[in-house]
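Notes follow once the structure below has been shown.
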Amino acid sequence: MNLPPELRLPPNFTPVSQITPSLEIGTYVNLIGVVVDYMPPCKAKGGTGDWMVTIGLRDPSNNTSFDPDGLKFRLFKPNKDDLPHIQGNGDIIILWDMKYTRTNFAHSIINSHASMWLVFPKGSIPDVAFGKSSQGNCHMTMLGRPHQLRDVTPEQKLYVMHLNQWAQENGVGVKQDEPVQQPNAVHIPTGPKSPAKPPWLANPNLPATDSDPEIDRKYAFLKDVKASDYKNLVAEVVKTFPAQGEVYITDYTENNLFYEYIRPSDQNANGQSNGQDGDVFGYAPSAPKKDWVGPWGKHTLCVKLWYANGDWARENVKIGDVYFFKNVHVSFKQSARLEGQVHEDKRNPGQVDVRFIKKSDPRVVALEKRKKEYWAEEEKFNGPKAAKKRSKAEKKKLKALKEKNKRQKLDHDGGNDAMVEDDIGMQGGMVGGIPAGVDLGNSSLKPKSKSNVNPNVICPFSNKPLLTLSEILDTPYLSYSPAAGQEDALPFLNQKARIRVRVVDFHPPNVEDFTQCIDDASYNDTSNISLHDDEMNVDDSSMMPTTWEWAFYLMVEDWKAMPGEKPRRMRLIVSGHDAECLIGSKATDLHNNPQDLLAVKEKLFILWGNLEELKKEGKLTKDLSGLTNKYFECMIQEYGVPQGEHEWVRVHRICQTPIR
């Protein structure tokens, strides 16, 4: 890849794009990159008791749509403070003496006893112009433990500045995570001091002012929040449960991932209720119930307030008042809907992040306007003849909701049995990689008649619910409670699902490399199994035929997205019998069999249209203009690949889906 001189790595560093299976296992590398994904330190599962952190890393060498999360890896240390002191996405990290490792379809780097690292916080990296004027001979903020500090050369510092500029210009690492200040980090300040915090940060009883940057920095409407966000919110409290430390808030905007509160007049129509007082999800039906007083629909977020935040709220928060909520962590919970939490500030345990806000604040004024408009509209439904006044659209919505509830109940009651039946059918035999008994000409196996769905890609189990990629990737069922008051996370789910997607990229970039030789040690690092002398003589191994297997990835994009968001993407593994099922042939050496290569390209053209042509000509743009392929339906399987002794990588593969 041709890069401008300023983005060429300093000596003795490896581009992120070169961390591939071609590297020999055990190779040590040095890396510099932008943090594009970051999960805070947590205890690793297993007997070691180590702390671990998960990082996604990118640099200009792997600036592709195929791998937006970059190189994923984990670092382990017995002491939490020895892990990188990352503040959030966009930080730049230098890693020395990292060790390359690989398992089937998963390759990465791990730290050794010799590994060291330094973090350059995004907001403290000087401008390139300043770096050039000093030729890199300047002080920079570097975070790390004292025994991990190494001399950073002026050339490396200058590269960090150029890398930071490249990241900002290309939107790399733009997603902001919760700032985390690690203890005992070495902090070498440069430039002027940060402005003092406004007084209400120390005293929550002082109202926030109209122009506080703390409100503006991560402010969001409730309609825009999504899982894993940390956002500042301005919202009205509509209900409280002081004993649980919970408040229910709204800004009168709607989010499809919120719990839906049904109007009292509609509850009998769709069979739902709004739960008992203190149990809004209706888990305890024996207690007396109290109607939700509004707003109805998907306008309200439940927020759990921890420690000092909950204590202050119990004394000060009143229903109907508007408050400022700082750094609300949004996530899925057992209700399969979004909920929020305001955690304790680790740096200042007594700090309160729920505060008063002036009524003159523009956000409060706008909220009050939305509130007035909402209730004016609701009055149309609350008169004595509300049922007659209800619009056709409202009736249609209620009917659709009833049908949805009915389908969900059927799926819940019969879904497990159906999956077992499918698996039994699969075990009944395979013909050319296709489940026995499947007739590709059977119209019942074709996708529903829709103009933009490819009829030549066959998903045999069309009775399965059609899931979006968001429902699979952001599933709340990765979290579970092994005991009361505890929460744990699963690394993956053993599940199959039906999806509708289209191919937007593939890897390797050349179709010739879609098959790999099992005898190639750079690809297959599995140790050979010794056989008894009477079964095979070691000297006769050269007489064994060369074996090839399919091994490539597809980057697929979902057929629909949440309003205001881009469609989600997923990387699908295509290998083994599932690849034979998809393509309809066994793997061969595509470099030396031009007829086989042509047949494979023709078959894949049915799947991805002119994608290969656009990639070869360098015309594949980020907005995918010019791409003419159609969506198709397929089955995928989620499973885990072991990495290290106690860790797993969550992966997905296409399965049981042939191209006609």
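This is a predicted model, so every value here is computed, not measured.
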Taking only residues two or more places apart in sequence or in another chain, which ones pass salt bridge (charged side-chain N to carboxylate O under 4.0 Å, His left out) with K226?
D229
Among all residues two or more places apart in sequence or in another chain, which pass the salt bridge (charged side-chain N to carboxylate O under 4.0 Å, His left out) test with D311?
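Testing D311 for salt bridge (charged side-chain N to carboxylate O under 4.0 Å, His left out), a comparison that skips the adjacent residues, returns R314.
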Taking only residues two or more places apart in sequence, or in another chain, which ones meet [X] in a side chain to side chain donor-acceptor pair (under 3.5 Å)?
X    : answer
D623 : T621, S625
E236 : Y252, K371
W306 : Q341
E557 : R569

Return the [atom1] to [atom2] distance between [X] and [Y], rounded to the nearest 0.5 Å.
X    : Y    : atom1 : atom2 : result
L75  : L83  : CG    : CG    : 6.5 Å
W117 : I93  : CH2   : CD1   : 8.0 Å
T54  : R74  : OG1   : CZ    : 4.0 Å
M140 : L118 : CE    : CG    : 10.5 Å
I109 : L71  : CD1   : CG    : 5.0 Å
W296 : I262 : CH2   : CD1   : 11.5 Å

Does the side chain of [X] reach to within under 4.5 Å of the side chain of [Y], using non-hydrogen atoms?
X    : Y    : answer
N111 : M98  : yes
V53  : P84  : yes
F73  : I55  : yes
I86  : D91  : yes
F325 : N232 : no
F324 : K326 : yes
Y259 : T300 : no
H652 : L473 : yes

List for me each residue that meets side chain to side chain contact (heavy atoms under 4.5 Å, CB included) alongside [X], sequence neighbours excluded, and say none if there are none.
X    : result
A561 : P567
S470 : T468, D474, R568
E373 : K369
H162 : E6, L7, V128, K132, L158

Which heavy atom of [X] sits nearest to which heavy atom of [Y], and what is that distance?
X    : Y    : result
L367 : A235 : CD1-CA, 3.8 Å
L233 : A220 : CD2-O, 3.5 Å
P491 : W648 : CB-CB, 3.9 Å
L222 : F258 : O-CZ, 3.7 Å
P121 : L143 : CG-CD1, 3.6 Å
V172 : R58  : CG2-NH2, 4.1 Å

So, using ring-ring contact (aromatic ring centres under 6.0 Å, His included) as the criterion, who are the partners of H329 when residues are at least two apart?
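Y230, H343.
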Sequence neighbours excluded, which residues qualify as ring-ring contact (aromatic ring centres under 6.0 Å, His included) partners of F120?
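For F120, no residue satisfies ring-ring contact (aromatic ring centres under 6.0 Å, His included) once neighbours in sequence are set aside.
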Give a yes/no verdict on a cation-pi contact between K77 and W51, requiring under 6.0 Å between NZ or CZ and the six-membered ring centre and an angle within 45° of the axis.
no
Answer yes or no: is there a donor N or O on one side and an acceptor on the other, between the side chain of S61 and the main chain of S17, under 3.5 Å?
yes
Any donor-acceptor N/O pair, D558 side chain to L469 backbone, under 3.5 Å
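Between the backbone of L469 and the side chain of D558 there is a qualifying donor-acceptor contact (under 3.5 Å).
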Does the side-chain contact (heavy atoms from CB on, under 4.5 Å) test come out yes or no for W166 and V34, once each step is laid out?
CA-CA 10 Å; W166 166 82; V34 181; 4.2 Å; yes
Derivation and outcome, side chain to side chain donor-acceptor pair (under 3.5 Å), residues N327 and K218
CA-CA 8 Å; N327 224 29; K218 293 193 295 184; 2.4 Å; yes
Evaluate Q351 against D353 for side chain to side chain donor-acceptor pair (under 3.5 Å), listing each step before the verdict.
CA-CA 6 Å; Q351 178 174 299; D353 290 330; 2.8 Å; yes
Do we see a donor-acceptor contact under 3.5 Å between the side chains of N164 and K122?
no
Walk me through it: do V556 and V504 pass the test side-chain contact (heavy atoms from CB on, under 4.5 Å)?
CA-CA 6 Å; V556 296; V504 296; over 6 Å; no
When the ring planes of F356 and W312 are compared, do they come out parallel, tilted or perpendicular, using 30° and 60° as the limits?
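Geometry flag for W312 against F356: perpendicular rings.
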Any chance you could lay out the side-chain contact (heavy atoms from CB on, under 4.5 Å) test for I32 and D59, step after step, and finish with the verdict?
CA-CA 7 Å; I32 305 179; D59 69 5; over 6 Å; no
Taking Y323 as the fixed residue, which of V234, I357, V237, V364 is the one that meets the side-chain contact (heavy atoms from CB on, under 4.5 Å) rule?
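Output: one option passes, namely V237.
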D251, N255, T253, T250 screened by side-chain contact (heavy atoms from CB on, under 4.5 Å) with H299, the one that passes
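When side-chain contact (heavy atoms from CB on, under 4.5 Å) is applied between H299 and each of D251, N255, T253, T250, only T250 qualifies.
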Mind running side-chain contact (heavy atoms from CB on, under 4.5 Å) on N309 and V342 for me, showing each step along the way?
CA-CA 7 Å; N309 302 294; V342 179; 3.7 Å; yes
Electrostatic pair E638-R650, nearest N-O below 4.0 angstrom:
yes
Carefully, step by step, assess F241 and Y248 under the rule ring pair (Phe, Tyr, Trp, His ring centres under 6.0 Å).
CA-CA 9 Å; F241 293 108; Y248 290 76; 5.5 Å; yes
Within a reach of under 6.0 Å around OH of Y307, are more than 12 heavy atoms found that belong to other residues, nucleotides or ligands?
no
